[in-house]
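Working notes, structure below.
All residue numbers refer to positions in the sequence shown, counting from 1. These numbers come from the heavy atoms of this one structure, side chains and all, not from hydrogens, waters or symmetry mates.
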Amino acid sequence: MRTEMTGTAEAFGARSWLFAPGDSERKTEKAAASPADIVLLDLEDAVTEERKPTARTMVAEFLRSRPEDGKDRLWVRINPLDGPHALADLAAVMPARPGGVMLPKSRGRQDVERLDHYLSALEVSAGTAQGSTKVIALVTETAEAMFTTGTYKGAPRLVAMTWGAEDLADAVGAVENRTADGEYGFTYELARSLCLLGASAAGVAPVDTIHGDFRDPEGLRKRAERVRRDGYRGMLAIHPAQVDVINAAFTPTEEELAAAREIVDLFAAHPGAGALGHRGAMLDRPHLARARALLASAGRA
């Protein structure tokens with residue numbers, strides 16, 4: 001897990017974000033032992049209404065039991081801000097110092113700003129460094145939110161944005177969110193694109209949504225590689241078996257790194273050039289920017 005500079009903002013270099021239900025000690029332990037870059041201890045969708053008080057107590061106790069030097073990868077998905085549980089979630093887990101918070105059903109920058117106010121007060125109360133708790137926002141889970149994905153630039157604490165298809169399908173009254181060939185329908189591919197564009201505009205890391213079939217590693221690999229080519233930096237996971245596939249897909253290969261280094265070196269040798277011929281093709285400054293970003297993502301800039 002890295003924090004790297006991209007453009008004018010810092011992008012959070014986490015590839016795999018693994019969910020674990022907050023009311024299952026066995027599954028949280030298994031997730032924490034996995035190679036996931038981020039573990040998301042879930043207090044929202046994975047926990048029934050009657051189990052939420054138990055889950056937030058269990059998550060807080062789990063966080064307190066972990067060594068301080070490993071807590072930066074242990075995050076909590078709270079319940080939505082416009083519901084009855086979010087403040088209770090934060091009050092329970094913030095004294096245990098999670099590395100970050102996932103904000104579900106975010107309706108725009110104003111929700112991240114509101115969350116920042118809550119986190120700042122709770123950090124002071126817990127003796128945690130103010131501003132140290134990072135945020136990832138789920139930005140397409142309601143119809144309203146689809147129109148605000150471009151509003152997050154400068155949002156406090158925000159390091160990543162991700163999207164969801166299931167809650168969005170419920171919000172619009174869809175019978176199904178996939179086509180006959182198993183691909184997402186237009187509205188949900190639009191959500192993916194809007195998340196990517198919104199994250200790029202905000203200067204934070206775009207993170208793709210889950211691949212629901214954890215017994216389909218080949219399908220997961222193909223999709224992860226595809227969205228990485230599109231610009232995504234990581235992906236959500238629902239099972240530890242998905243983590244290695246995601247990590248591999250979002251790690252640049254040696255061949256990619258060698259090609260990027262070659263482009264950077266070529267432009268370094270011709271500092272005044274706007275475009276250069278290379279291996280039968282013309283390269284310009286956007287090619288150089290992408291090569292530098294690839295090297296930065298591997299810590300080799």
Heavy-atom pair with the smallest gap, counting every atom of V204 and A160: CB-N, 3.8 Å
Check ion pair E44-K105 (N to O, under 4.0 angstrom): yes
Distance, nearest 0.5 Å, that separates CG of L220 from CZ of R215: 14.0 Å
Under the side-chain contact (heavy atoms from CB on, under 4.5 Å) test, residues paired with R229 that sit two or more places apart: E225, R226
V93 with V101, same ILVMFWY side-chain cluster at under 4.5 Å: yes
Steps toward side-chain contact (heavy atoms from CB on, under 4.5 Å) verdict (M58, R51): CA-CA 10 Å; M58 291 178 66; R51 291 277 295 172; 4.3 Å; yes
Distance in Å, T209 OG1 paired with E141 CD, rounded so as to fall on 0.5 Å steps: 8.0 Å
Verdict with reasoning, V112 to L103, per side-chain contact (heavy atoms from CB on, under 4.5 Å): CA-CA 8 Å; V112 179; L103 175 63; 4.2 Å; yes
Member of L40, L63, L90, T133 meeting the side-chain contact (heavy atoms from CB on, under 4.5 Å) criterion with V76: L63
Backbone N/O of V207 and side chain of T162: donor-acceptor pair under 3.5 Å: yes
Common cluster, V243/V39, ILVMFWY with side-chain heavy-atom separation under 4.5 Å: no
Closest non-hydrogen atom pair, A92 against P95: O-CD, 3.7 Å
Under 3.5 Å: donor-acceptor pair, side chain of R233, backbone of R15: no
Under 3.5 Å donor-acceptor, S200 side chain and L196 backbone: no
Cation-aromatic face contact R109/Y152, 6.0 Å, 45 degrees: no
CD1-NE2 distance between I210 and H239, expressed to the nearest 0.5 angstrom: 13.0 Å
Contact check, side chains of L115 and I78, non-hydrogen atoms, under 4.5 Å: yes
Short side-chain to backbone donor-acceptor contact, T140 and G164, under 3.5 Å: yes
Donor-acceptor pair, side chain of T151 and main chain of T148, under 3.5 angstrom: yes
Whether K52 side chain and V47 backbone form a donor-acceptor pair below 3.5 Å: yes
side-chain contact (heavy atoms from CB on, under 4.5 Å) evaluation trace for R178 with E183: CA-CA 5 Å; R178 293 183 181 270; E183 296 298 320; 5.8 Å; no
Residue pair Y232, W163: steps toward the ring pair (Phe, Tyr, Trp, His ring centres under 6.0 Å) verdict: CA-CA 11 Å; Y232 273 91; W163 68 285; 7.7 Å; no
Rounded distance [0.5 Å steps], CG in L18 versus CD1 in I246: 8.0 Å
Neighbour count >12 (heavy atoms, 6.0 Å) for atom CD, E113: yes
Note, C195 side chain near T149 side chain (heavy atom, < 4.5 Å): no
ILVMFWY cluster, V227 and L197 together (side-chain gap under 4.5 Å): no
Pairwise side-chain contact, D116 with S120, heavy-atom cut-off 4.5 Å (strictly under): yes
Heavy-atom check, side chain of I136 versus side chain of W17, under 4.5 Å: yes
Considering all heavy atoms, the nearest A165-Y188 contact: O-CE2, 3.8 Å
Whether Q242 side chain and P217 backbone form a donor-acceptor pair below 3.5 Å: no
Pair R223 + D208, salt bridge at N-O below 4.0 Å: yes
Point-to-point distance, once rounded to the nearest 0.5 Å, from CD of Q130 to CG of L122: 11.0 Å
Flag side-chain contact, heavy atom, 4.5 Å: S16 against M235: no
Check: V264 and L288 side chains under 4.5 Å, non-hydrogen atoms: yes
Pairing residues for R97 by the side-chain hydrogen bond (donor to acceptor under 3.5 Å, both in side chains) criterion, not counting sequence neighbours: T128
Distance, nearest 0.5 Å, that separates CG of D89 from CG of L43: 4.5 Å
Residues T142 and R107: side-chain donor-acceptor under 3.5 angstrom: no
Nearest non-hydrogen partners of A96 and R64, listed with the distance: CB-CG, 3.7 Å
Salt-bridge contact E68-K71 (side-chain N to carboxylate O under 4.0 Å): yes
Working for side-chain hydrogen bond (donor to acceptor under 3.5 Å, both in side chains), residues Y118 and R114: CA-CA 7 Å; Y118 295 156; R114 180 179 167 193; 2.9 Å; yes
Closest heavy-atom pair and its distance - K27, P21: CD-CG, 3.6 Å
Heavy-atom closest pair, residues S106 and A145: O-CB, 3.2 Å
S34 (side chain) donor-acceptor with A31 (main chain) under 3.5 angstrom: yes
Verdict with supporting geometry, D23 and T54, side-chain hydrogen bond (donor to acceptor under 3.5 Å, both in side chains): CA-CA 7 Å; D23 62 347; T54 298; over 6 Å; no
Minimum side-chain heavy-atom gap W75-L41 below 4.5 Å: no
In one Ile/Leu/Val/Met/Phe/Trp/Tyr side-chain cluster, 4.5 Å: F186, M146: yes
Salt-bridge contact R26-E29 (side-chain N to carboxylate O under 4.0 Å): no
Any side-chain heavy-atom pair of L74 and R66 under 4.5 Å: yes
A46 backbone acceptor or donor facing R77 side chain under 3.5 Å: no
Within one Ile-Leu-Val-Met-Phe-Trp-Tyr cluster: F62 and V59, side-chain cutoff 4.5 Å: yes
